[in-house]
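Here is the structure we will look at.
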Amino acid sequence: LKNWFNTQRRIYKRGKLPQERISLLESVGFIWDFTEEEWQNKFKELKAFKLEHGHVTPLHRHPSIGIWCNTQRENYKKGHLSQERMNLLESVGFIWDPMEGKWQYKFQELKAFKLEHGHANPTYSHPLGRWCRGQRESYEKGKLSPERIKLLENIGFKWSIE
């Protein structure tokens, strides 16, 4: 059956498939572009990942969907991603820049830390302490964006710890 499907697709792409057959196949939901079906399946997998994990930045523990996400980013940068696909990805909170995604993830962890501890300044020995130290170093070197500075300051982040 798979071979027959592929044959129909090949004939269709050449423009040689009779309209009657095209109509019959479309009436049963036949997918002409198999890559579209694959894309939709991965998108569904990404949505399920978000439901389970609360974000759409799969890391190395989820290589299948992580590789797919990286491919979407590459296609976006090259201008090879349709507006429809960009809209779908953005509708679930897709992050085009994975480094930004990692920063946002750590920032959300810091906000949760503040809720639990009443401040946004974990010690260096805390798992978030190293990240906070990196933010302070970037700030001192003038390498932290104004947007990130504002986000951190809005939650009470201190730029120097005595």
Side-chain angles (χ1 to χ4, degrees), residues 1-2 4-6 8-13 15 17 19 21-117 119-120 122 126-132 134-135 138-139 143-157:
L1 197 56
K2 180 180 175 184
W4 185 83
F5 287 154
N6 289 333
Q8 302 313 300
R9 287 184 181 103
R10 260 194 318 277
I11 297 169
Y12 174 79
K13 284 180 185 176
L17 198 63
Q19 184 57 48
R21 192 174 290 176
I22 292 171
S23 298
L24 283 170
L25 288 166
E26 287 177 347
S27 73
V28 295
F30 188 79
I31 297 171
W32 296 107
D33 185 357
F34 188 65
T35 58
E36 176 64 22
E37 183 178 22
E38 289 175 307
W39 194 93
Q40 291 295 334
N41 287 338
K42 287 294 184 184
F43 182 67
K44 287 176 190 173
E45 191 177 335
L46 180 64
K47 289 193 310 186
F49 179 91
K50 182 178 183 175
L51 281 174
E52 183 179 342
H53 300 280
H55 62 86
V56 289
T57 313
L59 301 174
H60 61 279
R61 285 175 272 167
H62 304 280
S64 170
I65 193 71
I67 291 168
W68 182 82
C69 286
N70 287 336
T71 300
Q72 302 318 299
R73 289 183 187 100
E74 289 171 20
N75 288 338
Y76 173 78
K77 286 178 190 172
K78 293 175 184 175
H80 296 310
L81 197 61
S82 71
Q83 187 63 49
E84 178 187 359
R85 287 183 177 180
M86 287 189 291
N87 292 343
L88 283 170
L89 289 165
E90 288 171 356
S91 75
V92 296
F94 190 79
I95 296 172
W96 297 107
D97 179 352
M99 295 307 290
E100 176 65 21
K102 289 177 184 177
W103 192 92
Q104 289 293 335
Y105 182 78
K106 288 293 189 184
F107 178 69
Q108 294 303 320
E109 282 186 2
L110 184 60
K111 283 172 54 175
F113 176 91
K114 181 183 179 178
L115 282 174
E116 184 178 335
H117 300 280
H119 64 86
H126 186 278
L128 272 173
R130 188 180 205 160
W131 182 80
C132 289
Q135 301 313 298
S138 293
Y139 177 77
K143 293 184 177 183
L144 199 60
S145 73
E147 294 83 12
R148 288 182 176 180
I149 292 169
K150 185 176 181 179
L151 285 169
L152 288 164
E153 288 177 346
N154 284 344
I155 63 167
F157 186 79

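- Using a 30° and 60° split on the angle between ring planes, F113 and H119 fall in the perpendicular class, above 60°.
- Checking R148 against Q135 by side-chain atom types alone, no donor-acceptor pair falls below 3.5 Å.
- Here S82 contributes atom OG and L88 contributes atom CG; the two are 8.0 Å apart, rounded to the nearest 0.5 Å.
- Here the CD-CH2 distance, from E84 to W39, works out to 7.5 Å after rounding to the nearest 0.5 Å.
- Side chains of Q83 and N87: a donor on one and an acceptor on the other come within 3.5 Å.
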Practice item. Dump the intermediate steps for side chain to side chain contact (heavy atoms under 4.5 Å, CB included) on K114 and F157, then the final yes or no. Key: CA-CA 9 Å; K114 181 183 179 178; F157 186 79; over 6 Å; no

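- Nearest approach of L110 to A120, heavy atoms of both residues: CD1-O, 3.6 Å.
- Rounding to the nearest 0.5 angstrom, the gap separating the OG1 atom in T57 from the OH atom in Y105 is 9.5 Å.
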Point to revise | Working for side chain to side chain contact (heavy atoms under 4.5 Å, CB included), residues H80 and R85 | key: CA-CA 10 Å; H80 296 310; R85 287 183 177 180; over 6 Å; no

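- Atom CD1 of I22 sits about 5.0 Å away from atom CG of L17, to the nearest 0.5 Å.
- A tilted orientation is assigned to the rings of H53 and H55, their planes being inclined by 30° to 60°.
- Ring geometry for F94 versus W96: interplanar angle over 60°, hence perpendicular rather than tilted (30 to 60°).
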Point to revise | Steps toward salt bridge (charged side-chain N to carboxylate O under 4.0 Å, His left out) verdict (E74, K77) | key: CA-CA 5 Å; E74 289 171 20; K77 286 178 190 172; over 6 Å; no

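- Looking only at side-chain heavy atoms (C-beta outward), V56 and L89 stay at 4.5 Å or farther from each other.
- Here the side chains of L151 and Q104 are in contact, with some heavy-atom distance below 4.5 Å.
- Classification of E153 and K150 as a salt-bridged pair fails, no side-chain N sitting under 4.0 Å from a carboxylate O.
- Interatomic distance, CG of N41 versus CG of L46, reported as 12.5 Å (0.5 Å rounding).
- The only member of F5, W4, Y12 that meets side-chain contact (heavy atoms from CB on, under 4.5 Å) when paired with Q8 is W4.
- Proximity of a side-chain donor or acceptor of R73 to a complementary backbone N or O of I95 within less than 3.5 Å is detected.
- Separating the CD atom in Q19 from the CG atom in L24 is a distance of 10.0 Å, to the nearest 0.5 Å.
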